[in-house]
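Report on one structure; see the data block that follows.
In what follows, every heavy atom counts, from backbone to side chain, and hydrogens, waters and symmetry copies are set aside. Note that ligands are numbered from 1 as they come in the structure, with each ligand's atoms numbered from 1 the same way.
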Amino acid sequence: MKPGIEWRQPRASADNEQFAADLHAALARTPKAISPKYFYDETGSKLFEQICDLPEYYPTRTELSLLQTHAHDMAAQMGGQVQLVEYGAGALRKVRLLLDAMPRDSVQFVPVDISGPHLLAACDGLAGDYPGLAIQPLVADFTRQHTLPPCPAGSRRVGFFPGSSIGNFTPSEADAFLRLAAAELTGGGLLIGIDLVKDHGTLHAAYNDAAGVTAAFNMNLLHRARQELGAEFPPDGFEHLAFYNPAYRRIEMHLRATRPLELQLGGEVYSFHEGETLHTENSHKYTVEGFQALATRAGFKPGKVWTDENAWFAVLWLEAESGE
Ligand code: AVI
C-alpha cells in the first residue's frame, strides 16, 4: 500500500472482502484472470437474462426447445418416483418444462443455489404455480461438499444441470463436479445441457452481439469493482473481447486495456500495457462423444442424447450406476 494513502472501502461485507481478495490475486497473476462468478450481482444477473433472449445467443432457446419437445422422454429416463436435484437453480425456468411432464406427486424437488434470497424467491413463484409440489430448497455451493435432504423411500435421486453452465468450469472443475454428482446421484442419474462445438462464426456472434449486451455483462465486473471496492481506472480504459480459441475449444472473454493504464485497488496499483487483458470467462464447447468420455471417467454411464437439427446444443442423460 502506498504510504499516506488511506483506502476507504465504500461498503464492507464478507462478499466484498472475498471479491477484493480474488480481484487482487487476479490482477497480480500473469496472465491476469478472475472467476466468472463475479459477473453475477443483481445487474449482471439481469444482463445475463437479456443475453438469453438475444437473437445471436442460441444456447438458451435451443435448450428450451429440446426440453419442450422431449420432456416426457427425459422424464421417462429419470424413472417413476424421483428426488429431482437442480444444481445452480437460478430462476427455475427450465425445470418447469420437466415438471410439466411428471406427475406432481412423483417428485420431490430440491433446487440448490448459493444465493439464498434468489432461491427462496424463485421457490415461492414455483410453489404458487405448482401447488402440491414438494419443494426442499438448499442454499449451498453445489461444487463443494454439501448434504442433500434424504432421498424419499422408493425414489431415485436425479440431477438436473441445464444451461451449459458446466462449460464455464475449467476441465478439472468439470471433472470434480461430475465425480461429486456421480457419487451423490448413485442409483439415479444426471440430465445435463452442454453447448456443442460448431462453426466459429456462430460461436463468435453469440458472444459479440450487435446490441452490446454481452459487452455490458463483461464490463459489469469493472463497474462492480469501482462501486463496491472503490477501484479506480480510466472510464474508457477497457473494452470487451470475446473470441473462440480452437486449441481449447472454448470461447474466452477478456477485458482488454485500450492503452497503457493503471488500475488502483485498495492502495495497490496494477499496470496494464496496451492490449493486455483481464481474462474473465471461459465457455467450453464439447462434442457429445467427448463429454460422454469425461462423464464416463467420472463414474457415469452415458444414456440417451437429445440434440437439435443443427447439432448446436445437446441434453444428455447419464446413469449413475450403483456399481453392484
Ligand atoms: C452461464 N453460461 C453458460 C454462459 C455461457 O454462455 O458461457 C455465460 C455467458 N457469458 C457470456 N454470455 C453468456
Side-chain angles (χ1 to χ4, degrees), residues 33-64 66-67 86-95 111-115 118 122 141-143 160-171 173-174 177-178 190-224 238-245 248-256 277-286 291 308 310 312-316:
I34 191 162
S35 160
K37 71 180 177 190
Y38 291 110
F39 284 142
Y40 298 94
D41 66 343
E42 211 180 316
T43 307
S45 301
K46 284 193 184 133
L47 286 166
F48 179 63
E49 275 173 36
Q50 289 177 34
I51 287 176
C52 292
D53 291 333
L54 288 169
E56 297 94 334
Y57 193 74
Y58 60 84
T60 310
R61 63 167 184 278
T62 311
E63 186 180 41
L64 278 170
L66 288 173
L67 289 167
E86 180 167 357
Y87 296 107
L92 301 180
R93 186 176 166 198
K94 290 173 185 160
V95 77
V112 186
D113 202 283
I114 198 157
S115 165
H118 285 124
D141 177 350
F142 66 87
T143 62
F160 182 45
F161 193 31
S164 66
S165 298
I166 198 160
N168 298 132
F169 293 178
T170 63
E173 285 168 349
F177 165 70
L178 288 170
L190 175 66
L191 189 69
I192 186 165
I194 57 165
D195 195 13
L196 299 176
V197 173
K198 62 185 60 63
D199 73 279
H200 300 182
T202 303
L203 286 169
H204 189 268
Y207 294 82
N208 290 280
D209 60 284
V213 184
T214 310
F217 175 71
N218 196 10
M219 299 289 257
N220 183 50
L221 189 109
L222 290 173
H223 297 313
R224 283 194 70 186
F238 291 93
E239 63 190 4
H240 167 70
L241 172 69
F243 60 90
Y244 184 63
N245 183 336
Y248 293 98
R249 290 186 167 167
R250 68 191 189 197
I251 288 281
E252 293 187 12
M253 289 218 309
H254 298 250
L255 290 159
R256 179 167 61 187
T277 71
L278 171 62
H279 189 166
T280 49
E281 188 184 61
N282 289 317
S283 190
H284 292 88
K285 311 303 167 190
Y286 291 97
F291 193 81
D308 56 289
N310 297 315
W312 279 358
F313 199 93
V315 177
L316 276 64

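- The protein non-hydrogen atom at the shortest distance from atom 5 (C) of ligand 1 is Y57 OH, 3.3 Å.
- When all heavy atoms of K285 and V197 are compared, the pair lying nearest together is O-CG2, 3.6 Å.
- In terms of heavy-atom proximity, A89 sits nearest to P111 at CB-CB, 3.5 Å.
- Against a heavy-atom cut-off of under 4.0 Å, S283 is close to the following atoms of ligand 1: 5 (C), 6 (O), 7 (O).
- Inclusion of T214 in the set of residues having an N or O under 3.5 Å from an N or O of ligand 1 is not warranted.
- The proximity of F39 to ligand 1, defined as any non-hydrogen pair under 4.0 Å, does not occur for either the backbone or the side chain.
- For the pair Y40 and H118, the minimum side-chain heavy-atom distance is 4.5 Å or more.
- Ligand 1 lies less than 4.0 angstrom from a heavy atom belonging to S164.
- Scanning the protein heavy atoms around atom 1 (C) of ligand 1, the nearest turns out to be N168 OD1, 3.3 Å.
- Considering backbone and side-chain atoms alike, K285 places every N or O at 3.5 Å or more from each N or O of ligand 1.
- For the pair N282 and Y248, the minimum side-chain heavy-atom distance is 4.5 Å or more.
- Only one option out of R250, R249, R256 pairs with E252 in a salt bridge (Lys or Arg N to Asp or Glu O under 4.0 Å); it is R250.
- Within 6.0 Å of CZ on R93 lie no more than 12 heavy atoms contributed by other residues, nucleotides or ligands.
- Set against the non-hydrogen atoms of F217, the atoms of ligand 1 under 4.0 Å away are 10 (N), 11 (C).
- Remark: ligand 1 and Y207 share an N or O pair separated by less than 3.5 Å (distance only, no angle test).
- Put simply, the side chain of F48 does not reach to within 4.5 Å of the side chain of N220, judged on heavy atoms.
- No part of I251 comes within 4.0 Å of ligand 1, judged by heavy-atom distances.
- Between the side chain of E86 and the backbone N or O of F160 there is no donor-acceptor pair closer than 3.5 Å.
- Looking at ligand 1, you'll find an N or O of E281 within less than 3.5 Å of one of its N or O atoms.
- Between Y40 and ligand 1 there is a heavy-atom distance shorter than 4.0 Å.
- Take T143 and apply the side chain to side chain contact (heavy atoms under 4.5 Å, CB included) test, not counting sequence neighbours, and it matches D141, F169.
- Applying the 4.0 Å criterion to heavy atoms of G163 picks out, from ligand 1, the atoms 3 (C).
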